[in-house]
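Report on one structure; see the data block that follows.
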Amino acid sequence: MKKVFYLFLLFCVVTTNAQDQRVISNDWVAFRQTIDVQTKVKKKFKVVASVKVESNEPKAWAGIWSRVDKKTEGVDFFDNMEDRPIKSNSWQAYTVEGTIDENSKALNFGGICSYNGKFYFDKFELFIENAKGVLEPYAIMNAGFEMALKNGEIQKWEFGVEKGKVRKVKEYAVSIDKSAVAGNSSLLLEGTGIVIKETGKIGNVEGASPQIGAMISMLEDLKDRVERTVKNMNQYETDYLHDEKANRIGSLIMHLAAAEKYYQVLTFENREFTPEEKAKWSTALDLDKGGRDEWKGHEMQYYLDIYNEVRNKTIAELKKRDDAWFNQQVMKEEVTNHYCWFHVMEHQSSHLGQILFLKKRIPPQKEVILEQKIKN
């Protein structure tokens with residue numbers, strides 16, 4: 001009898017337990033190992049590693065870091081050496097010390113570096129206090145980076161600061177280098193192409209009058225905060241809808257761009273949107289159901305590119321004006337140009353809070369598992 005094969009494709013949706021792996025954009029990168037810790041008494045621990053930094057950038061630095069996670073949510077201990085950054089271009093050993101206790105769940109440790117430069121790590125050591133009060137060595141896998149990279153991964157180590165969440169950073173190349181403190185090799189992380197933006201300053205913008213410069217710096221500071229919050233979101237997160245009255249985070253970025261575009265034509269050109277401009281921007285400007293339906297299905301960078309294009313024009317046009325223009329009234333409205341751009345600034349702040357609220361409430365992404373069953 002002829003055998004007939006039936007192919008059944010069963011799609012089962014389950015909450016993912018798989019490791020979350022992403023390549024993100026950032027001005028720093030970290031790697032780590034994690035060990036489970038169980039103790040009924042408080043114990044000291046010590047992480048030691050050798051590090052050197054080669055960089056011409058004053059802000060570039062490296063460190064070794066450690067974090068003790070609680071059994072419940074939260075952190076018992078954290079130190080990443082940010083208050084004593086490593087900048088020396090010669091090998092030196094550095095130490096981070098802390099404690100674990102009966103409430104501790106996991107000990108994380110590794111290296112961190114920030115900004116452009118070459119950052120070398122070698123000879124990691126971990127010591128944990130024993131019952132006699134003596135710090136004794138704890139075995140670390142691939143502690144001296146003698147193992148070759150495997151598919152671009154540091155064997156026995158993971159990128160990122162959380163277990164199960166691998167975070168490679170595209171600005172950093174990883175390699176095994178022949179420079180070493182012990183053995184034959186060390187880990188080299190090389191950061192390139194990172195643009196360091198000035199923060200903590202208002203005004204003094206090249207090519208802008210004093211008040212215009214102050215406004216540009218505030219607009220840019222808030223936009224940077226928005227961008228840092230959303231830039232590494234995947235499309236699932238970008239499109240996630242918290243409830244039927246909420247807005248997607250991608251559409252909120254589009255909304256910020258649309259509102260800024262409206263105030264460009266209002267203040268720079270002393271007019272309202274044309275019919276063509278309304279057709280292009282109105283759903284993003286108003287959002288609600290129309291915006292929820294239209295602004296989805298794009299990666300976050302799609303929205304950020306539009307936002308950046310709008311902002312570049314804002315800065316160029318503001319630099320053409322002076323402080324006296326700020327005090328001029330807008331069309332027939334009882335507001336000034338200065339007030340309009342203050343509103344654009346605080347509008348960013350308002351929606352940044354909304355974005356942060358929504359981002360924290362995005363549930364883990366579900367994955368589709370394809371099962372194949374063959375039946376005779």
Any donor-acceptor N or O pair under 3.5 Å, side chains Lys52, Ser179 | yes

According to a 4.5 Å side-chain heavy-atom criterion applied to Ile, Leu, Val, Met, Phe, Trp and Tyr, with indirect links allowed, do Leu287 and Met254 form part of one hydrophobic cluster?
-> yes

For His343 and Glu346, does a side-chain donor sit closer than 3.5 Å to a side-chain acceptor?
-> yes

Is the count of non-hydrogen atoms from other residues, nucleotides or ligands lying under 6.0 Å from Lys261 atom NZ greater than 12?
-> yes

For the residue pair Val96 and Asp79, establish whether any side-chain heavy-atom pair is separated by less than 4.5 Å.
-> yes

Identify the heavy atoms of Pro210 and Asp323 that sit nearest to each other, and give their distance.
-> CD-OD2, 3.5 Å

All side chain to side chain donor-acceptor pair (under 3.5 Å) counterparts of Glu269, not counting sequence neighbours = Arg271

Above 12 or not: heavy atoms from other molecules or residues under 6.0 Å from CG of Asn184?
-> no

Determine the interplanar angle of the Phe78 and Trp65 rings, folded into 0 to 90°, and report it as parallel if under 30°, tilted if 30 to 60°, perpendicular if over 60°.
-> tilted

Test Ser209 against Asp322 for side chain to side chain donor-acceptor pair (under 3.5 Å), laying out the working first.
-> CA-CA 6 Å; Ser209 61; Asp322 58 19; over 6 Å; no

Will you find, in the side chains of Thr336 and Gln328, an N or O donor that is under 3.5 Å from an N or O acceptor?
-> no

Test log, rule ring-ring contact (aromatic ring centres under 6.0 Å, His included), inputs Trp61 and Phe119 | CA-CA 8 Å; Trp61 65 280; Phe119 308 91; 8.9 Å; no

Do Arg228 and Asp224 meet the salt-bridge criterion of a basic N to acidic O distance under 4.0 Å?
-> no

Smallest heavy-atom separation, Tyr307 atom then Val226 atom, equals CE2-CG1, 4.4 Å

Closest heavy-atom pair and its distance - Ile253, Leu304 = CG2-CD2, 4.1 Å

Indicate whether the side chain of Asn142 and that of Glu146 have a donor and an acceptor atom separated by less than 3.5 Å.
-> no

Between Thr314 and Leu318, does a side-chain contact (heavy atoms from CB on, under 4.5 Å) hold up when you go through it step by step?
-> CA-CA 6 Å; Thr314 294; Leu318 282 174; 3.8 Å; yes

Between Ser186 and Asp177: side-chain donor-acceptor atoms closer than 3.5 Å | no

Decide if atom CG of Asp83 counts as having more than 12 heavy atoms of other residues, nucleotides or ligands within a radius under 6.0 Å.
-> yes

With rounding to the nearest 0.5 Å, note down the distance linking OG in Ser50 to CD in Glu125.
-> 7.5 Å

Answer yes or no: is there an ion pair linking Arg311 with Glu220, defined by an N-O contact shorter than 4.0 Å?
-> yes

Ignoring hydrogens and angles, state whether a donor on the side chain of Tyr262 or Glu272 is under 3.5 Å from an acceptor on the partner side chain.
-> yes

Is it true that Val310 and Met300 fall in one hydrophobic cluster, defined by side-chain heavy atoms closer than 4.5 Å?
-> yes

Salt-bridge contact Arg32-Glu158 (side-chain N to carboxylate O under 4.0 Å) | yes

Phe268 ring center within less than 6.0 Å of Tyr263 ring center = no

Treating Ile, Leu, Val, Met, Phe, Trp and Tyr as nodes and any side-chain heavy-atom pair under 4.5 angstrom as an edge, say whether Leu188 and Ile154 lie in one connected cluster.
-> no

May I ask you to decide if the ring planes of His338 and Phe326 are parallel, tilted or perpendicular, using 30° and 60° as cut-offs?
-> parallel

Neighbour count >12 (heavy atoms, 6.0 Å) for atom CG, Asp243 = yes

Please report the shortest heavy-atom distance between Asn232 and Glu237, naming the atom on each side.
-> O-OE1, 4.3 Å

Cluster overlap Phe109 with Phe127, hydrophobic side-chain contacts below 4.5 Å | no

Which pair of non-hydrogen atoms, one from Glu260 and one from Trp341, has the smallest distance, and what is that distance?
-> CG-CZ3, 3.9 Å

Under a single-linkage definition using a 4.5 Å side-chain heavy-atom cutoff for Ile, Leu, Val, Met, Phe, Trp and Tyr, are Val29 and Val161 assigned to the same hydrophobic cluster?
-> no

Less than 4.0 Å between a side-chain N and a carboxylate O, is that true for Lys223 and Glu227?
-> yes

So does Gln155 have more than 12 non-hydrogen atoms from other groups sitting under 6.0 Å from CD?
-> yes

Examine Lys278 relative to Phe273 and say whether NZ or CZ is less than 6.0 Å from the centre of the six-membered ring and inside a 45° cone about the ring axis.
-> no

In short, Ile35 meets Ile128 closest at the heavy-atom pair CD1-CD1, 4.2 Å

When rounded to the nearest 0.5 Å, the distance separating CH2 of Trp28 from CG of Asn80 is 8.5 Å

Salt-bridge test for Asp76 and Lys42: reply yes if a basic N is under 4.0 Å from a carboxylate O, no otherwise.
-> no

Are Phe45 and Tyr138 close enough that their ring centers fall under 6.0 Å?
-> no

Is there a side-chain contact between Ile100 and Phe77 (heavy atoms, below 4.5 Å)?
-> no

Kindly assign one of parallel, tilted or perpendicular to the pair Tyr302 and His298, based on the angle between their ring planes and the thresholds 30° and 60°.
-> parallel

Find the distance between CG (Leu219) and CE (Met345) and round it off to the nearest 0.5 Å.
-> 7.0 Å

Side chains of Tyr120 and Leu187: does their closest heavy-atom pair fall under 4.5 Å?
-> no

More than 12 non-hydrogen atoms from neighbouring residues, nucleotides or ligands closer than 6.0 Å to CG on Asn204, yes or no?
-> no

Side chain to side chain donor-acceptor pair (under 3.5 Å) involving Glu317 - partner list, sequence neighbours excluded = Lys320, Arg321

Does Gln348 reach the side chain of Leu352, with side-chain heavy atoms less than 4.5 Å apart?
-> no

Validate the cation-pi geometry between Lys168 and Phe159: distance from NZ or CZ to the six-membered ring centre under 6.0 Å, angle to the ring axis within 45°.
-> no

Side chains of Glu54 and Asn89: do they bring a donor and an acceptor to under 3.5 Å?
-> no

